[in-house]
2 protein chains.
Amino acid sequence: MGDAIRIGIVGYGNLGRGVELAIARNPDMVLAGVFTRRPPDQVATVSAATPVHGIEALDVPRADIDVLVLCGGSKDDLPAQGPGLAARFNTVDSFDTHARIPEYFDAVDAPARAAGRTALVACGWDPGLFSLNRVFGEALLPEGETYTFWGRGLSQGHSDAIRRVPGVAAGVQYTLPSDAAMAQVRGGARPHLSTRDKHTRHCFVVLEDGADAGQVRQAIVSMPHYFDQYDTRVDFISAEQLAREHSAMPHGGFVIRSGSTAEDVSQVVEYSLKLDSNPQFTASVLVAYARAVYRMNRAGQVGAVTVFDVAPGLLSPRSAAELRRDLL
Amino acid sequence: MGDAIRIGIVGYGNLGRGVELAIARNPDMVLAGVFTRRPPDQVATVSAATPVHGIEALDVPRADIDVLVLCGGSKDDLPAQGPGLAARFNTVDSFDTHARIPEYFDAVDAPARAAGRTALVACGWDPGLFSLNRVFGEALLPEGETYTFWGRGLSQGHSDAIRRVPGVAAGVQYTLPSDAAMAQVRGGARPHLSTRDKHTRHCFVVLEDGADAGQVRQAIVSMPHYFDQYDTRVDFISAEQLAREHSAMPHGGFVIRSGSTAEDVSQVVEYSLKLDSNPQFTASVLVAYARAVYRMNRAGQVGAVTVFDVAPGLLSPRSAAELRRDLL
């Protein structure tokens with residue numbers, strides 16, 4: 001395809017792999033290559049045909065890449081890579097440290113703007129699609145409350161915490177939305193709910209030989225901050241069962257806006273995701289937004305942007321006329 | 001407020017009344033007036049302070065109106081009013097005859113563009129928010145299927161149909177999503193479903209004196225096109241109960257995208273509305289989009305546009321920096 005959008009992937013973990021899979025599902029895109037800090041010959045891509053380069057290959061502008069999808073982490077990778085790469089490329093990233101988004105936005109905006117590049121920051125599903133639904137909810141129903149619930153989803157931080165408990169050989173933790181809180185909100189009530197009120201926790205634990213199940217359970221459910229204030233369920237399973245049933249990375253959640261348009265007239269808007277694979281879905285979101293970034297840059301919209309700045313039609317490979325005819 | 005957005009309402013039925021209610025909930029907006037084909041002194045607005053004018057007051061451009069919200073019907077009102085008013089004002093309308101949207105878009109685009117006005121057509125929730133979610137679904141998960149379910153909602157056309165059955169004094173019909181079809185789709189299956197497979201119908205009927213309930217029921221459930229191919233339930237109630245319990249205009253529905261990002265990796269995105277008042281919610285959507293239209297016009301984006309062209313951040317009264325800080 002002569003005018004396919006050429007995407008580069010920076011960093012090749014679960015997210016980068018998901019981007020490779022997503023590009024293969026978008027016929028108007030081609031994968032220009034993977035750029036990694038590892039020795040390129042040690043990176044096994046999904047397709048053997050995918051070119052893998054050292055990340056230093058991005059130290060100069062390249063005419064063969066339209067948009068880079070940055071797949072590094074928010075803690076160490078993106079704060080360094082994002083501003084630098086935005087000075088030479090159009091970029092999309094999933095920076096997800098909510099509290100530091102304004103600072104990161106500014107750090108990327110200046111170099112992107114100076115170079116005439118477009119950099120979409122903090123994309124994915126939260127921040128990202130969930131954020132969009134928070135903005136829609138508030139704008140459409142100014143009198144109301146917004147509720148974000150996460151799960152059922154694997155929580156990396158809480159899984160790490162239970163693995164540090166003496167007697168635990170391995171384990172995972174899922175965060176679940178509380179059924180009772182969800183029912184209240186969906187019913188149009190507008191309760192005050194903390195994160196803790198909205199979620200429960202479910203642990204699957206493999207015990208070390210000779211460990212006491214009762215003691216381990218107690219150590220987990222009473223762990224400060226992580227579990228003590230939540231309704232926590234602990235199930236003990238075998239190492240085989242853990243490997244078989246708990247190695248995927250499911251996630252999801254809900255954004256609910258409950259509002260009124262007149263006294264006693266309740267209106268409820270709900271958005272939800274049920275994801276078998278969190279990184280693959282996030283990657284799919286980044287790839288659709290890479291298409292939008294490519295178009296925005298060609299239209300002269302440069303600098304840092306967020307999902308709030310992207311007209312939804314730009315995400316689709318179809319023309320505006322086709323979208324109006326078929327999907328409006 | 002010196003720079004409040006000044007909105008005019010054209011047509012004052014349930015939708016126009018909803019727009020008046022919505023403007024009162026948006027502190028950055030003021031209602032410039034209602035414009036009606038009826039004698040202005042016969043129109044009872046929600047607020048006695050609302051100015052009411054004859055529609056001919058819009059025959060010339062007016063400096064006291066930023067955006068007109070057109071609240072007429074798609075069959076007769078908008079095809080005539082939309083293009084004419086877009087030549088003098090920024091407009092938002094809820095044109096909802098899906099098949100005729102491309103033609104209507106073109107009819108509005110030319111005069112709006114010539115006059116440097118911005119005209120958002122076919123806004124509301126379907127077309128509108130549901131359309132957005134169809135575009136997002138397809139763009140984010142190219143390998144998948146999109147399902148739109150409507151209801152539980154009052155259907156005007158089907159209510160009219162049952163009222164024409166001999167022996168029926170009064171009645172209403174609700175369209176409901178089929179629980180079985182919803183469960184299949186939510187579970188990640190991608191069945192082929194017609195509109196009929198996806199919905200059931202529930203009628204509340206008041207019999208005329210001496211009418212035979214069995215005959216009336218049979219006449220309804222066997223009515224060609226309207227009911228014969230649906231699972232239809234008919235309940236007989238009193239005129240009092242009908243007035244008490246069935247005079248609101250609830251509606252809602254679901255847009256579900258069920259897709260895959262790799263073999264056997266299912267991802268489900270669901271958007272739903274549960275509305276106590278269909279016209280009030282539609283009005284709230286139109287008002288939020290009126291804000292966006294005002295801003296797009298000031299930014300020089302003229303001509304006809306749809307929800308696909310509107311960056312979500314433009315819907316919010318908050319600044320882009322505030323949205324990034326608080327809602328991203």
Side-chain angles (χ1 to χ4, degrees), chain A residues 18 21-22 25-27 98 101-102 105 122 127 129 131-136 138-143 186 188 259 261-262 264-277 280-281 283-285 288 291 306-313 315-318 320-321 323-325 327-328, chain B residues 18 21-22 25-27 98 101-102 105 122 127 129 131-136 138-143 186 188 259 261-262 264-277 280-281 283-285 288 291 306-313 315-318 320-321 323-325 327-328:
Chain A
L21 289 166
R25 280 164 175 76
N26 284 281
H98 290 260
I101 287 174
F105 181 93
L129 304 177
S131 323
L132 281 181
N133 280 279
R134 288 188 284 262
V135 166
F136 271 105
E138 200 180 271
L140 301 176
L141 296 169
E143 185 180 318
R186 282 178 168 160
T261 48
D264 294 326
V265 179
S266 157
Q267 317 272 18
V268 180
V269 183
E270 177 172 333
Y271 182 78
S272 70
L273 298 172
K274 198 172 63 182
L275 310 174
D276 273 3
S277 165
Q280 283 182 19
F281 184 74
S284 293
V285 177
R291 179 183 292 119
T306 73
V307 292
F308 301 149
D309 304 307
V310 179
L315 299 173
S316 170
R318 304 219 234 168
L323 292 180
R324 289 194 294 270
R325 187 192 64 204
L327 295 180
L328 197 61
Chain B
L21 289 166
R25 281 163 174 75
N26 283 281
H98 290 260
I101 287 173
F105 181 93
L129 304 177
S131 323
L132 281 180
N133 280 278
R134 288 188 284 262
V135 166
F136 271 105
E138 199 179 271
L140 301 176
L141 295 169
E143 185 180 318
R186 281 179 169 160
T261 48
D264 295 324
V265 179
S266 157
Q267 317 272 20
V268 179
V269 183
E270 178 171 332
Y271 182 78
S272 70
L273 298 172
K274 197 172 64 182
L275 310 174
D276 273 3
S277 165
Q280 283 182 20
F281 184 74
S284 293
V285 177
R291 178 183 291 118
T306 73
V307 291
F308 301 148
D309 304 306
V310 180
L315 299 173
S316 171
R318 304 219 233 167
L323 293 180
R324 288 194 294 270
R325 187 192 64 204
L327 296 180
L328 196 62

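Residue numbering restarts at 1 for every chain, and letters A, B, ... go by the order of the sequence lines. None of the values given here were measured: they were computed from a predicted structure.
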Check your understanding: So which part of B:Glu270 gets closer than 4.5 Å to some heavy atom of chain A, the side chain, the backbone, both or neither?
Key -> both
Point to revise | Which portion of B:Ala22 sits near chain A, non-hydrogen atoms under 4.5 angstrom | key: neither
Point to revise | Contacting moiety of B:Val265, where chain A heavy atoms sit under 4.5 Å | key: both
Point to revise | Side-chain touch A:Tyr271/B:Val269, heavy atoms, less than 4.5 angstrom | key: yes
Review point. Side chain, backbone, both or neither: which part of A:Val135 has an atom under 4.5 Å from a heavy atom of chain B?
Key: both
Check your understanding: If you count heavy-atom pairs under 4.5 Å with chain A, which of B:Gly18, B:Gly313, B:Gly188 comes out on top?
Key -> B:Gly313
Point to revise | Contacting moiety of B:Asp264, where chain A heavy atoms sit under 4.5 Å | key: backbone
Point to revise | Residue B:Phe105 versus chain A: region with a heavy atom under 4.5 Å | key: side chain
Practice item. Go through B:Leu315, B:Asn133, B:Val307, B:Asp309 and name the one with the most non-hydrogen pairs under 4.5 angstrom from chain A. Key: B:Leu315
Point to revise | Atom group of B:Leu273 that falls short of 4.5 Å from chain A, counting heavy atoms | key: both
Review point. Which bit of A:Leu132 is near chain B, if near means a heavy-atom gap under 4.5 Å: side chain, backbone, both or neither?
Key: side chain
Review point. Considering only heavy atoms, which portion of B:Gln280 lies under 4.5 Å from any heavy atom of chain A: side chain, backbone, both, or neither?
Key: both
Point to revise | Main-chain N/O of B:Leu328 paired to A:Arg134 side chain as donor or acceptor, under 3.5 Å | key: yes
Practice item. Let me know if B:Ile101 has heavy atoms under 4.5 Å from chain A in its side chain, its backbone, both or neither. Key: side chain
Review point. How far does CD of B:Glu143 sit from OG1 of B:Thr261, to the nearest 0.5 angstrom?
Key: 8.5 Å
Review point. Counting heavy-atom pairs under 4.5 Å to chain B, which of A:Ser316, A:Ser277, A:Ala320 comes out on top?
Key: A:Ser277
Review point. When heavy-atom pairs shorter than 4.5 Å are enumerated against chain A, which of B:Pro142, B:Pro127, B:Ser272 gives the highest number?
Key: B:Ser272
Study note, to complete from the structure: Taken in chain and number order and not counting sequence neighbours, the residues that satisfy side-chain hydrogen bond (donor to acceptor under 3.5 Å, both in side chains) with A:Thr306 are none
Review point. In terms of heavy-atom pairs under 4.5 Å with chain A, which of B:Asn26, B:Leu141, B:Leu129, B:Leu275 leads?
Key: B:Leu275
**Study point:** Stepwise side chain to side chain contact (heavy atoms under 4.5 Å, CB included) test for A:Arg318 and A:Leu327
**Key:** CA-CA 10 Å; A:Arg318 304 219 234 168; A:Leu327 295 180; 4.0 Å; yes
Point to revise | Residues in side chain to side chain contact (heavy atoms under 4.5 Å, CB included) contact with A:Pro102, at least two apart in sequence or another chain | key: B:Arg325
